[in-house]
Amino acid sequence: MQTGETTPKGQRIGVPREVFPGEKRVATVPDVVTKLVKLGFAVVVERGAGDLADLSDDAYEQAGASIAPTAAALWSGSDIVFKVRAPTADEVALMHEGQTLIGFLWPAQNPDLMQQLAAKKVTALSIDALPRTLSRAQKMDALTSMAGVSGYRAVVEAANAFGRFFNGQITAAGKVPPAKVFIAGAGVAGLAAIGAAASLGAIVRANDTRAEVADQVISLGGEFVKVDYEEEGSGGGGYAKVMSEGFQAAQREMYAKQAQECDIIITTALIPGKPAPRLITAEMVKSMKPGSVIVDMAAEQGGNCELTEPGKAVVKHGVTIVGYTDLASRMARQSSTLYGTNLFRLTEELCKTKDGVINVNMEDDAIRGLTVIKNGEITWPAPPLPAAAPKPAAKPVATAEKKSAHGHGSSGPLPAKTLAMVFGLGALVFWAIGAYAPAAFLGHFTVFVLACFIGYMVVWNVTPALHTPLMSVTNAISSIIVIGALVQILPPEAGTNGRPDALIQWMAFGGIVLTAINMFGGFAVTRRMLDMFRK
């Protein structure tokens, strides 16, 4: 075994080469190895583990890892093993008591594997069992990371099979209409597909049983297509639930219409622990235009399309049906980087002391949720998370309300008598000013009162034509200030007197300068903000 640059004294993390057919990902990358070493762990990577992800053994060694010549040497010498796919029976045979395994284990689908691991008296953490509803668990959520990559790759595969532009073009040779893409399911993978397809210029439509994702679809440039049937589709843990027969019938009707209109359909519908629901029937495929494409991202669980053949891309009724089960693996380097980062964040939670030794704390909700076996004892499924404590109702503020003779509270509208007194007092003040104030002051005061009324109407009727309504209002106020200052700074007309002296004129000039800086600075800042959203 070749030794890297550093030799930490903590536990040893082993990263074997994936043996699942066609799997190109690896459970960690050199950049993550460096971070693991800083946590106090020793990292061992099987020779050639990252070759299919374009990650060389030399890169791992330079990051501080050691290279194990064989799988047997790696498994036997590791305290913790990072994997992508669930281990095979041969790999389980190489494990030893007290070892910790972290990877996609899918305990509900692999009960035999759970028994084999328990017999070895190991600890197993299934990254797919992480409670996704915990906000602090998002950094460890490998399902989301892989789904995002798969959704993006699905659009790439669709574009490759489609053979036409996604964006519309008008050329000298003729007009090319934009492709119409329909995404069935707007979870993480679906949203990634929506963003990728929209960025390529396609007309994107999407549907999901969860009505709350409609805003997310629109924000990514898609159009949310609603099923004409009212039913809540949110299930536990952020997933969708199985819908009623009435909803499914209405949904099939909507899918049939989209199949006739759209060029590309990408299906992402999956419910954990259940076969993929059939959304696209053979009749819908027949109704699609020749050259259309279906990418079935649920192919590994049976497929959302009735004609999908898992692992293959086939042409039926003139429609290409892509049923690849390794979409994330087809972007192996990117997937490995994201997955390795997720496992590093999990390791940080397991090793808060940063001494290279993990502690599987069963009191931690996140760790408890993904721990399926602890020291040979099967602990899956984890107990449900405790419900969040309801927020205490806000106590009404006790206020002493004095009722008037007309029955109005102190916070309500003013009584007619009080209102008359206020207006009477105001009229008296204005009369006193008009009777005793100097003529020059009276002229300025009249302009001031009129400016208050006119300025208010002008400012609050400004249409927000800039980046923000606030910027529009501030520029409107600045405009009024400029006009007022110009009145003060202009030279007196012939035959008039009472114009402001030089001090007032200089103050007005300073006000114009400062207001101009504010106005032009506002436009400059707005332009820079808008440039951030331009490609």
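Just the heavy atoms: all of them, side chains too, but no hydrogens, waters or symmetry mates, feed the values below.
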Visitor: Once side chain to side chain donor-acceptor pair (under 3.5 Å) is applied, do any residues pair with Thr308, and if so which ones, sequence neighbours excluded?
Guide: Asp296
Visitor: Ala250 and Val227: which non-hydrogen atoms are nearest, and at how many Å?
Guide: CB-CG1, 3.6 Å
Visitor: If we ignore hydrogens and angles and just use 3.5 Å, is the side chain of Asp57 paired with the main-chain N or O of Gly48 as donor and acceptor?
Guide: yes
Visitor: Listing request: all salt bridge (charged side-chain N to carboxylate O under 4.0 Å, His left out) pairs with a residue in residues 166-175, at least two apart in sequence or in separate chains.
Guide: none
Visitor: Suppose we screen for salt bridge (Lys or Arg N to Asp or Glu O under 4.0 Å). Which residues come up paired with Glu283, at least two apart in sequence or across chains?
Guide: none
Visitor: Counting C-beta onward and ignoring hydrogens, is there a side-chain heavy-atom pair between Val372 and Ile378 closer than 4.5 Å?
Guide: no
Visitor: Does a salt bridge link Asp364 with Arg136, judged by any charged N lying under 4.0 Å from a carboxylate O?
Guide: yes
Visitor: For the backbone of Ala282 and the side chain of Glu306, can you confirm whether one donor and one acceptor N or O come within less than 3.5 Å of each other?
Guide: yes
Visitor: Please identify each residue that fulfils side chain to side chain donor-acceptor pair (under 3.5 Å) with Tyr255, with sequence neighbours left out.
Guide: Asn207, Gln251
Visitor: Side-chain contact, heavy-atom cut-off 4.5 Å: Glu18 with Leu52?
Guide: no
Visitor: Taking the side chain from Asn110 and the backbone from Trp106, do they hold a donor-acceptor pair closer than 3.5 Å?
Guide: yes
Visitor: State, to 0.1 Å, how close Asn304 and Ala276 come at their nearest heavy-atom pair, and which atoms those are.
Guide: ND2-CB, 3.7 Å
Visitor: Taking the side chain as everything from C-beta on, heavy atoms only, tell me whether Thr144 gets closer than 4.5 Å to Gln138.
Guide: no
Visitor: Using only heavy-atom distances, determine whether the side chains of Asp355 and Thr353 contain a donor-acceptor pair under 3.5 Å.
Guide: yes
Visitor: Strictly by salt bridge (charged side-chain N to carboxylate O under 4.0 Å, His left out), give each pair with a member in residues 243-267 just once, sequence neighbours left out.
Guide: Arg164-Asp263, Arg205-Glu261, Glu245-Arg252, Asp263-Lys289
Visitor: Do any N or O atoms from the side chain of Thr371 and from the backbone of Ile373 form a donor-acceptor pair under 3.5 angstrom?
Guide: no
Visitor: Could you go through Ile367 and Leu346, starting from their C-alpha distance and side-chain angles, then the distance that decides it, and tell me whether this counts as side-chain contact (heavy atoms from CB on, under 4.5 Å)?
Guide: CA-CA 9 Å; Ile367 304 303; Leu346 171 58; 3.8 Å; yes
Visitor: I'd like to know if the side chain of Ser78 and the backbone of Val44 have a donor-acceptor N/O pair within less than 3.5 Å.
Guide: no
Visitor: Is atom NZ of Lys374 surrounded by more than 12 heavy atoms (other residues, nucleotides or ligands) closer than 6.0 Å?
Guide: yes
Visitor: So does Asn375 get a backbone contact from the side chain of Thr123, meaning a donor-acceptor N/O pair under 3.5 Å?
Guide: yes
Visitor: Can you sort out the partners of Ser126 under side chain to side chain donor-acceptor pair (under 3.5 Å), two or more places apart, ordered by chain and number?
Guide: Asp128
Visitor: How close do Val285 and Val319 get, counting heavy atoms only, and between which atoms?
Guide: O-CG2, 3.6 Å
Visitor: List in chain and number order the residues that pass ring-ring contact (aromatic ring centres under 6.0 Å, His included) with Tyr339, two or more places apart in sequence or in another chain; answer none if no residue qualifies.
Guide: Phe104
Visitor: Which residues pass the side-chain contact (heavy atoms from CB on, under 4.5 Å) test with Ser145, not counting sequence neighbours?
Guide: Leu338, Asn342
Visitor: Verify the neighbour count for atom CZ of Phe344: are there more than 12 heavy atoms of other residues, nucleotides or ligands below 6.0 Å?
Guide: yes
Visitor: Does Val29 reach the side chain of Ser336, with side-chain heavy atoms less than 4.5 Å apart?
Guide: yes
Visitor: Would you please name every residue forming a salt bridge (Lys or Arg N to Asp or Glu O under 4.0 Å) with Arg85, sequence neighbours left out?
Guide: Glu23, Glu300
Visitor: Would Lys139 and Glu349 pass as an ion pair if we require N to O under 4.0 Å?
Guide: yes
Visitor: Output yes when Arg132 and Asp141 qualify as a salt bridge under the 4.0 Å nitrogen-oxygen rule, no when they do not.
Guide: yes
Visitor: Keeping Asp208 on the side-chain end and Ala186 on the backbone end, is there a donor-acceptor pair under 3.5 Å?
Guide: yes
Visitor: Counting N and O atoms only, with roles assigned by atom type, does the side chain of Thr28 sit under 3.5 Å from a partner on the main chain of Gly340, one being a donor and the other an acceptor?
Guide: no
Visitor: Who pairs with Arg278 by side chain to side chain donor-acceptor pair (under 3.5 Å), at least two apart in sequence or on another chain?
Guide: none
Visitor: Taking salt bridge (charged side-chain N to carboxylate O under 4.0 Å, His left out) as the cut-off, I'd like each qualifying pair that reaches into residues 91-113, sequence neighbours left out, listed once.
Guide: Lys83-Glu91
Visitor: Does a side-chain heavy-atom distance below 4.5 Å link Thr379 with Arg368?
Guide: yes
Visitor: With side chains defined as the heavy atoms from C-beta onward, is the minimum distance between Phe247 and Thr209 less than 4.5 Å?
Guide: yes
Visitor: So, Ser287 side chain and Met284 main chain: donor-acceptor pair closer than 3.5 Å or not?
Guide: yes
Visitor: Would you find a donor on one side and an acceptor on the other, under 3.5 Å apart, between the side chain of Ser292 and the backbone of Met288?
Guide: no
Visitor: What are the two closest heavy atoms between Ile321 and Cys305, and how far apart are they?
Guide: CD1-SG, 4.3 Å
Visitor: Do the non-hydrogen side-chain atoms of Leu39 and Glu348 ever get within less than 4.5 Å of each other?
Guide: yes
Visitor: Under the salt bridge (charged side-chain N to carboxylate O under 4.0 Å, His left out) rule, what pairs show up with a residue in residues 146-158, not counting sequence neighbours?
Guide: Arg153-Glu157, Glu157-Arg330
Visitor: Do Thr70 and Glu46 have side chains that get closer than 4.5 Å, going by heavy atoms?
Guide: no
Visitor: Please name the pair of heavy atoms, one in Ala328 and one in Ser335, separated by the smallest distance, quoted to 0.1 Å.
Guide: O-OG, 2.6 Å
Visitor: What heavy-atom pair brings Phe162 and Gly291 nearest, and what distance separates the two atoms?
Guide: CD1-O, 3.7 Å
